[in-house]
There are 2 protein chains.
Amino acid sequence: MSGSAGDNGSGPRSRPTMRDIAAQTGVSPMSVSRALRGDPGVSEATRAQVLAAVKAFGYQPNEFARQLRTGGPTHVIALVVGHLANPFYAQFAVGVERVAAQHGTRLMIMSTNNDLANERQVINDLRARQVDGVIIVPATPDHRHLAELGGPGSPVVFATTPPNGVEASSVIVDDFGGMRELCGRLLAAGHRRIGLLRLNRAMWTGSERFRGFAAAHAEQGVRFDERLITEHAGDSHWAMRETRRLLRLSDPPSAVIAANNLMTIGALRAVRDAGSDITLAGFDDIEVADLFQRSLTLVTFNADQLGERSAEVLFERQRPRTTGTGDGERRPSGPPVRDVLPTKLISYGEPLRAP
Amino acid sequence: MSGSAGDNGSGPRSRPTMRDIAAQTGVSPMSVSRALRGDPGVSEATRAQVLAAVKAFGYQPNEFARQLRTGGPTHVIALVVGHLANPFYAQFAVGVERVAAQHGTRLMIMSTNNDLANERQVINDLRARQVDGVIIVPATPDHRHLAELGGPGSPVVFATTPPNGVEASSVIVDDFGGMRELCGRLLAAGHRRIGLLRLNRAMWTGSERFRGFAAAHAEQGVRFDERLITEHAGDSHWAMRETRRLLRLSDPPSAVIAANNLMTIGALRAVRDAGSDITLAGFDDIEVADLFQRSLTLVTFNADQLGERSAEVLFERQRPRTTGTGDGERRPSGPPVRDVLPTKLISYGEPLRAP
DNA sequence: TTGAAAGCGCTAACAT
DNA sequence: ATGTTAGCGCTTTCAA
């Protein structure tokens, strides 16, 4: 009546093992093992008995013990991201999980809070836990601490940022092209003073998106004003303050570009509070941008698809680990993959306006 | 130059074990074990040697083997949610992870895509993987398939929905009170025909929020029109269509309440497209609601904190598993906890208006 | 069809 | 301070 099965009577004990099932059934643990795995070498009679006992005990095989013995894959991959609350990561994770499920693999999502020490710990932990592979959105520009990953049986894929100092596959976004297009449009519309809330130059996305900004200016023969460009790790509070500052300049920009989704939100708040009619644009899509009060032009890409592609690359590179001391094994596969996803400019609300 | 350490020369082999380190160092595996765990019973000399060899081999102890032997906790808890892309879950996960980190525990996030069969599989998998505990936001109203969780050493906490048919702790939101307050305010403002996009009545949140709606009407002596109430699992597309339908009624509502965050988004889109000036309200907070074109009144609660509290409850109920055949162990602890988090009404944009 | 022995990688408990 | 033995829960291998 009260609890489920397996807890018959007095003191709860530790989880039942195969031996318990064997004892209960009157067969050897080996037969239990066979019965549970669907091995043909058991009579239907014993199999039925075993399964009954299993159900009665609420028995669940210990996956670790099995994995230890067989040396097979764990069917777990890990996704390491900076901060879960960023909707980009969530959407990315959705894509990864879809592909993982297709491969009968579970996804373990770990967040580093964009902290290097934390990232290190997480990585070590994942290695110790024998995950079949890792997809990482690196928090830092230097990836040498990730070198230990990517060994045989545990490939790694870098997402949004190519590996730096390590050999590994990567799936990234056309940061340069996307920003170049956006900035080019603004310039073509007549904007001459464009503010930029950029990401740290040490970050790949930071430098690439900035390169796009600079390239667009160069192509249209416009010199940009350094004082309209500020750099940060990229949170919304900072973006809000910084946008406010830009708006108050004696010679303010006629447009502002925010280099990521969170900064776009911050910039929007500053513009709203100031009642300014400055043109606003940003990198990264925002799911509900169509509901915003202000028009917004965004460099978008399919985060979902980025996740899918990353996972596909990961699985392509997986090879079953050798059990014993096997020595003649091949490397994961050929040279690292390096995929680049295209971006697409989307205007929510009105299209880009002249200043 | 090229790769990192441990891959000196020809063919990569399987991961090194303690024996490899021992052989390399000329000590016994036991000393390696001791050195790695910081056990005092090793000379500084050997410890140094061991650590050097470990670094050279890129050796990482196998956490599974260790766990198997010691029978200790795995220091992993799992969070099972419906769909990662829902920002509520992401925010919830942030809170859970914060508390988990404080307990030196990793968080494994698994999504079920709101599918029962999937949920079952995930749960089994987690049991097989010996997680120290599970926090679940149940996808379905019937929780009997979760009965196997919650055994000794692996407690469960239900979040947002109390357990049904199982004994377990839960941390939920004041669904009833929140909706009652919101609806009460609308009625007090003079609204007499209020539309409701409600969740499935089989779901706890669905029935509780509806109870609040009904209670508010009863208290103010207003009869609600059943035809203004529609029921669904709660996605934004459906909410959009349904809101459109409500707006087109010959006797349309003067206000519409959406029973969750996704439906609120859908309703907003419908209202925008229709150019209607209907009053809109919803359950669940929306991070960027302050940037929306339309004013919105929301029943909010702190998802972060809900996550923290759930994790705290989980850890309170954890007890170290007994290693051997220990029999005199106690139950996790006293009776199940049942926490309820308060809600808070927030108006973004203008406050609630009369019809 | 079934079982006994051995061992996956590690560590507790006992030697030395 | 170091090593040996045994065994965690399971499965592979070999024998009956």
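Letters go in sequence order (proteins before strands), and every chain restarts at 1.
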Nucleotide dG9(D), atom C1' - distance to CG of L36(A) in whole Å | 13 Å
Can you tell me how far P of dT11(C) sits from CD of Q67(B), to the nearest Å?
-> 12 Å
What nitrogen or oxygen pairs link the protein and nucleotides 11-13 of chain D at under 3.5 Å?
from: dT11(D); atom 1: OP1; to: R66(A); atom 2: NE; distance (Å): 2.4
from: dT11(D); atom 1: OP1; to: R66(A); atom 2: NH2; distance (Å): 2.9
from: dT11(D); atom 1: OP2; to: S33(A); atom 2: OG; distance (Å): 2.7
from: dT11(D); atom 1: O2; to: R69(A); atom 2: NH1; distance (Å): 3.0
from: dT12(D); atom 1: OP2; to: R37(A); atom 2: NH1; distance (Å): 2.9

Shortest non-hydrogen pair, V50(A) vs A35(A), comes out as CG1-CB, 3.8 Å
Sort out for me which residue in T112(B), L146(B), N118(B) forms a side chain to side chain contact (heavy atoms under 4.5 Å, CB included) with I123(B).
-> L146(B)
Could you tell me whether the side chain of E119(B) and the main chain of A139(B) form a donor-acceptor pair under 3.5 Å?
-> yes
Taking the side chain from S170(A) and the backbone from A159(A), do they hold a donor-acceptor pair closer than 3.5 Å?
-> no
Kindly say if T46(A) contacts the phosphate of dT1(C), meaning a side-chain N or O under 4.0 Å from OP1 or OP2.
-> no
Ignoring backbone atoms, establish whether S43(A) has a side-chain N or O less than 4.0 Å from OP1 or OP2 of dT2(C).
-> yes
Between T17(A) and dG9(D), is there a side-chain N or O to OP1/OP2 distance below 4.0 Å?
-> no
Protein-nucleotide distance (Q130(A), atom CD; dC10(D), atom P), rounded to Å = 18 Å
Centroid-centroid distance, H83(B) to Y89(B), less than 6.0 Å = no
Figure out the CZ/P separation between F57(A) and dG9(D), and round it to whole Å.
-> 14 Å
Rounded distance in Å - CG (D39(A)) to P (dT2(C)) | 11 Å
Which residue lies more 5' along DNA chain C, comparing N62(B) with P40(A) via nearest heavy atoms = P40(A)
Interatomic distance where CG belongs to L68(A) and C1' belongs to dC10(C) [whole Å] = 8 Å
Roughly how many Å is it from CZ in R19(B) to C1' in dC10(C), rounded to a whole number?
-> 10 Å
How close or far is atom P of dG9(C) from atom CD of E63(B), stated in whole angstroms?
-> 15 Å
Hey, does the side chain of Q60(A) reach the backbone of N124(B) with a donor-acceptor pair shorter than 3.5 angstrom?
-> yes
Is any side-chain N or O of Y59(A) closer than 4.0 Å to OP1 or OP2 of dC10(D)?
-> yes
Once the angle between the rings of H103(A) and F315(A) is folded into 0 to 90°, is it parallel (under 30°), tilted (30 to 60°) or perpendicular (over 60°)?
-> parallel
